[in-house]
Visitor: 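Let me give you the structure first, and then I'll get to my questions.
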Amino acid sequence: MPSAQRANAGAAPAGGSLPHEPIPIVDALPPGPRERLLGLLAHREIAPGDTFMHEGDVTKVLSIIVRGRVALRLRVPERGAVTILTLDPGDIVGWSAIVPPYRATTSATALEPTELASFPAEELRAILGSDAEVAAAFLPPILETVAARVAATRDQLLDLFRGAEVDPW
Amino acid sequence: MVIASPGELATTAPRFLPRDRFDELIAALGEGGRRVVGPTIADGAIVFADLGSAADLPGGWTLQTSPGRARLERLPEGPGEARTFQYTVSGEGIKRFTFPSRVDALSMETADDGTVRVRVEAPADPAPLAIVGARACDLAALAVHDRVLVGGPAVDPDYAARRRDLLIVAVECALASSTCFCASMGTGPEVTTGADLVLNELDDGFVIRAATPAGERVLTTVDDLRPATGDQAEAGAAQTAAARAAMGTAAIPANPRDLLLANLDHPRWDVVAERCIACANCTLACPTCFCTGLEVHSGFDAAASSATRAWDSCFTEGFAQIAGGSFRPRHRDRYRQWLTHKFATWWDQFGTSGCIGCGRCIAWCPVGIDVREELNEIAAAPAAAPPTTALVAPALPQIVAGLDGAPDPLAFSPATVVAVTPETADTTTLRLETADPRILAGTPGQFVMVGVPAFAIPPISISRFQPDGIELTIRAAGAATSFLTRLRKGATLGLRGPLGRGWPVEDARGRDVVIVGGGIGLAPLRPVIDAVLRERDRYEDVRIYLGARTPRDRLFVEEIDALAARDDVLVRVTVDRAGPEWLGRVGIVTQLFKTVRGTGADATAFICGPERMMSATADVLGDLGVPREHMWLTLERHMECGVGLCGHCQLGTRFVCRDGPVFSLAELGDDLRREGL
Amino acid sequence: MDVVMRAGAGAAGGAAGIGPAGGGGAPGHATGRATAPRRPRVGVVKFASCDGCQLTILDVEDHLLEIAERFEIVEFAEATSRRSSGPFDVLLVEGSIATPEQVVEIARLRAEAKLLVTIGACATAGGIQALRTAAEHEAFRAAVYPVPAYVDSLATARPVSEFVHVDAELRGCPISPEQLLELLISLATGRRPQLPDQAVCLECKRRGIPCVVVARGLPCLGPVTRTGCGAICPAFGRGCYGCFGPREGANTSGYADALVSGAAAGDPNGIGGPGRDPVDVGRLFAGFNGATAPMRSVTDALGGRPIQPLRPTLASPPETLPEGPPRWGAPPEPPAPSTTEDPDGPRR
Amino acid sequence: MGHGGDLRFQVENLTRVEGEGSLHLRVRDGVVEEARLEIFEAPRYFEALVVGRTPDEVIDIVARICGICPVAYQMSAVHAFEDLFHVAVHPQVRALRRLLYCAEWIESHALHIYLLHAPDFLGYPSAVELARDHKELVDGGLRLKKAGNHLLAVLGGRPIHPVSVRVGGFSRMPDRAELTALRPSLEEALALSQATVDVVAALRAPSFEREPRLVALKHRSEYPLNDGRIVSSDGVNLRASDWRKAFHEVQVPWSNALQARAGDGLPYLLGPAARVVLAGDQLHPLAQEALTRTGALESIRRNPYRSIVARAVELVHVTAEALDIIDAYAKPDAPAVAYTPRPGTAAWATEAPRGLLFHRYVVGNDGKVAAATIVPPTSQNQAAIEADLATFAPAVLDLPMGEATHRLEQLIRSYDPCISCATHFLDLSVEEAE
């Protein structure tokens, strides 16, 4: 594995923060659609501890993490907020922006200085609805990450590390 | 015969023993207080039992067998109506006499000074035994047991003691049942090895020849036996040849091992599972099946207990059971395990077939399942071409004569708890002091069997080696482990080990090291981390990825934090769920690799955790290019002996306890998907 | 293994409080092991049953007094006049739930018990009385009583586990004294009771008994029945009749097929023989554990459960019973039993 | 407890009896208007459960009516069927059936004397407490009981619900060696039984006498177990199969058990006292000797509290006869003879430890049972128990509640009522006394 990894042991992953970090999903798009989407893209900085998406709110943006780490949290009765997943650069936040009823299913809080590349929800939905080429190129990778997240959540539900019930004996 | 004695037949002139003088043979065998057993009629079948006189033998009777059916019948009137051995196989072989269904195995007690002693029981010189009426298949089965039980690496002391002085009078079959197929397995009907005396029964008596000096000595004590005439000798040989002809030599497909290993997912397994009632009769009637389980007995006073070893069977759910469940929940899995072990993986384990063609599993199956039919059905429509990989017979020591010498892997040694460290709510680390050089010389990934009175004896991975002992990190998953986690400083227990093949740390020398641990799975990996850091410069990148249920369930927290602080080790920890106070990662372990870019081709991975987590990890690491032969994981299976004698932990061709518990992904192939949790 | 534990059962904690296990360490274990807490309070109660299973407690003669020392038996109507309505550390429950009152009572007892253990086929599987169904119920009452009007019982007897959570069970009709002792010792020492769930056949073969199906053509439930009895029926030359209920993963349908027309179809049949009457096979499965799913599936397919009975011809009672309590009649004549040979005396 | 006016007297849950019952008395002005032994053992419908079954299946099923005396049920059933099918069993089979019955009597009588009844006389709540002060006594009782259980296990595989009884014989008969191996424990049991007689004869029994009508089997040459004619203290003398000619069952609203009455609707008494009185001349010499030693024959007949002495005398008989049977035993070639079922009515009575047990089966053309009637001893004794309670109660009404309860419970226990058996069967609907 690349020794670049070795230097920053314990700290944030994959190579520091450059001014123009790659944005995998977007970079992977064919030229046409990529240009049309980049037009919508806006970069935002989030300070550690800031919650930029709230469970139940209308999702205003679909973001791709450029840098930093984000915690997805749920409100659980009697247990308060529970972190169910943390996201790293390249991950998507706010897929609910393009899935009815367009409301956030979790809250999102930055754990480190975080940079997001965000698409405004309405414009994104509009272009996906009107531009078949963009939709065909952009939706599969989104679906892929969402599916991967579902699978991972399933494994968490299995409580793998718990093992069997302890006997009464 | 002594186990080590040569199998070749000595050549001495055959004699003729008139039928009415058989008692003289029994008397000769019984000289010196030797116990004499032979076929008798009991409970509607022919079974081996003590012989008072020839009158106890099944003279005039035969046992008609067909699939699912065995009936005592009178011999037809005629010249042969009085014959004694005019049947094929007894209802039960001679296994019971060398390998009883229940034997004392262990005694565990807490002495007044609080010291726990675990002693391995073995019979004190059992009475020498003579067996009359064994058949070629019985002798072949005995040879298989010799290979399995005293052929090493571990030796069953009970079997060795019972086996040591055995005198065998064999009979060459004069007929064949529809269930017989020894000729196809190359084990009969001719008696070529293993007997001291060999009989061929004729209408008026027996052609008897000595095959060993011991046999010859017996013959000489029977007064003035006339030599058998050429005609008598020929007549005897002729009927045996007829029996061979009646059976044919192609009852089952050629090379069943390769056939079965290539058809482990054949639809036929589902078909037979509909009929199979998993009663285990086949395994218990089989003269080579050797699987056993321990039964622990104690009174209300738990200071002392004992354990008996009883016949067990792979047809029970408990046989492959661990805390998490059974690896063979369906009859389909169990029948496949049995048939595959008999005809295929036995070769890999012991360099011989596990089936000797006696057909008892066919006759004594209540629903009449016929192994020959099952094998031929699979051969008729093989799902896949047999593997090209030729059989590599494992290099195992030859039959050993005695038990003396080599250290006994079954022996327990005492150890004392010198420190107790609670790790989590349900997990505790015990530091044990032991003087046993074998244990101190253990390697990362090896485990020990832990004995305390009244409880089952669990296998526990060594979580650290100390100059004067070891550490065990134990999760309270069952009664025994719960008890162990509650031990206090000063408690003593019995240790047996170190057992198994550990992590091949050397495989990672000069390569990147990836260590992935889930939950309690970190414990067996801890010695690997210790070893790698001890010689850090011999390895390239070192990355440690750990998963736990919650932040509170993390093991060795201080140690891991200290590691994370080093600049020559990458440490990533994730949990399944956490409160907002946790700023670390949340998600499954594999999520930690997403940030890794580039190739894993130069990496060696050591993985331990729940099997589902290990296979998910292996998939992701595989995508990153880590070679399968460099991905090592350790398996948990039902283990009672830890040395390949009890049979419970089999996975494919392996004994997880003996050949593992650490395996490379390449070694495991699909087995984990076939028989994983 | 055999012990029924449901996830999150309060019993996990409850049991921990029972055996010294919970207190940390078993009695008798020396250095480094905690000592036992107070004696566990044990209750024994019964519902619809024959009393045989609780009698088994009195049948472990060699250990009875030791048990009484290790445990505080606070409720055991058959054995002691001391009574208690709870709480119990361990409650041994015999019998099936067969009346509305019993439904209420078992719920109350569950609340009083840390660990509830059902003992015997009635409590664990409903017993033979569970074979009656709602449909048959009326006919059953009519068959037994001249005046069924008095009857007020559930449509059918049911296992305890259908009403409350059961922490552990001892199978058998009756339970085995050895297994009872194993359970009590396990509770006292904190180890896991060894109550194998495998087939009777394993013990049968360990004992060296030739299979009665194969050697004698007898119908035997051993292959689908849980071990625990010691394989006494085959040892006594007859087929197992299922006292301990279904073994794990019992393939009852496959076995029933073999009993009807397959290899196990008995003499003179063997394979391809005429086979058995399916109803006879069905009745074999309609035994003391016949209400369990694996057994019931066979009787559903083949029949053999109790049929609508004829009305028995009871001698008709006198018009009216005497008023008030029964009274002894006038002093009888001095005893005049016949001691002489009687012409129409009993046969033999 | 005061006099006069209405008095409702309830013993909620009878203890140290097999099964569940309670006592209910209604007293007005010191006169017992009503005495009810209420039995609320839940219904189990055995008479219906055996319908459609083969005779051998019935033998296994009826055993489950009672875990204390399963052999009794197996015996009445097997004899009834063999009688109907004209099966002539091997003499050793008949002997071994008696031996099996002896074993059950040993187990059942020892259980009742030592674990259920003796604590009453000595003032303990149970044998466990009794053992604290009189360990050797209880130990002896347990060894006695164990001897019976062991014998049961050798003959039938297990003490409770043995498995070997078949129409025509047994499914297996023991080797002689298996039985002779039991001699030591039975010899000890015999000695313990003889000692038991003296111990219980010395127990102070409350003074209570009445003239019961006694009913038991009587055989011309043996003490009644499997076989004999029904005789009574007032001259009844019938074939066992003809029980219904002199007795009948009635249903009372307060009991799950059908009660049995004599033809005149009056109660009668079964059990050890009845047997010892009516068939004492057939007791084993050792038992007769023990009985004579106590000189209690007359008090056994008149005072129910003295039934414990009769039970002890019978213990001597069955242990002594068990030894005799074992000594005379020779294993027959076949454990059972073949038979052909034939339709008709099978009826038979044997002597269960608690008294006469009558079975009647209608066998159809298919060789299966079409209808059944089972009359256990306790349902026959129930009226007698109630009669005794009505007679005895006034004597204790002045005592404190607890003591009165104890006395009445002790009286009920003296009959060794097996309520599990008595209950054929339906659920109780309590009649509210206004």
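Atoms considered below: every heavy atom in the structure, side chains included; atoms not considered: hydrogens, waters and symmetry mates. Within every chain, numbering begins at 1; the chains are lettered A, B, ... in the order of the sequence lines, protein sequences first and strands thereafter.
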Visitor: Answer with side chain, backbone, both or neither: which region of B/V296 has an atom nearer than 4.5 Å to a non-hydrogen atom of chain C?
Guide: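 Both parts, backbone and side chain.
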Visitor: Which residues in residues 245-255 of chain C have any heavy atom closer than 4.5 Å to a heavy atom of chain B?
Guide: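 Those residues of residues 245-255 of chain C which have a heavy atom under 4.5 Å from chain B are C/R247, C/E248, C/G249, C/N251, C/G254, C/Y255.
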Visitor: Evaluate side-chain contact (heavy atoms from CB on, under 4.5 Å) for C/K205 paired with B/S101, printing each intermediate quantity in order.
Guide: CA-CA 8 Å; C/K205 297 299 151 282; B/S101 58; over 6 Å; no
Visitor: Please walk me through it: do B/S313 and C/L202 pass side-chain contact (heavy atoms from CB on, under 4.5 Å)?
Guide: CA-CA 8 Å; B/S313 170; C/L202 278 98; 3.9 Å; yes
Visitor: For B/L484, is it the side chain, the backbone, both, or neither that has a heavy atom closer than 4.5 Å to a heavy atom of chain C?
Guide: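 Neither part; nothing is under 4.5 Å.
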Visitor: Between the side chain of C/R206 and the main-chain N/O of B/W311, is any donor-acceptor distance below 3.5 Å?
Guide: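 Answer holds: yes.
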Visitor: Does any backbone or side-chain atom of B/Q64 lie under 4.5 Å from a heavy atom of chain C? Answer side chain, backbone, both or neither.
Guide: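 No part of it gets close to chain C.
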Visitor: With only heavy atoms counted, which part of B/A42 is less than 4.5 Å from chain C, the side chain, the backbone, both or neither?
Guide: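 Only the backbone of B/A42 comes within 4.5 Å of chain C.
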Visitor: Let me see the working for C/T189 and B/D301 under side-chain contact (heavy atoms from CB on, under 4.5 Å), right down to the final yes or no.
Guide: CA-CA 8 Å; C/T189 59; B/D301 175 1; over 6 Å; no
Visitor: Which region of B/T65, side chain (C-beta onward) or backbone (N, CA, C, O), has a non-hydrogen atom less than 4.5 Å from a non-hydrogen atom of chain C, or is it both or neither?
Guide: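 For B/T65, neither part sits under 4.5 Å from chain C.
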Visitor: Compare every heavy atom of C/A188 with every heavy atom of B/F300, then report the nearest pair and how far apart it is.
Guide: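 B/F300 and C/A188 have their closest heavy atoms at CD2-CB, 3.7 Å.
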Visitor: So which part of B/A273 gets closer than 4.5 Å to some heavy atom of chain C, the side chain, the backbone, both or neither?
Guide: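 Backbone only.
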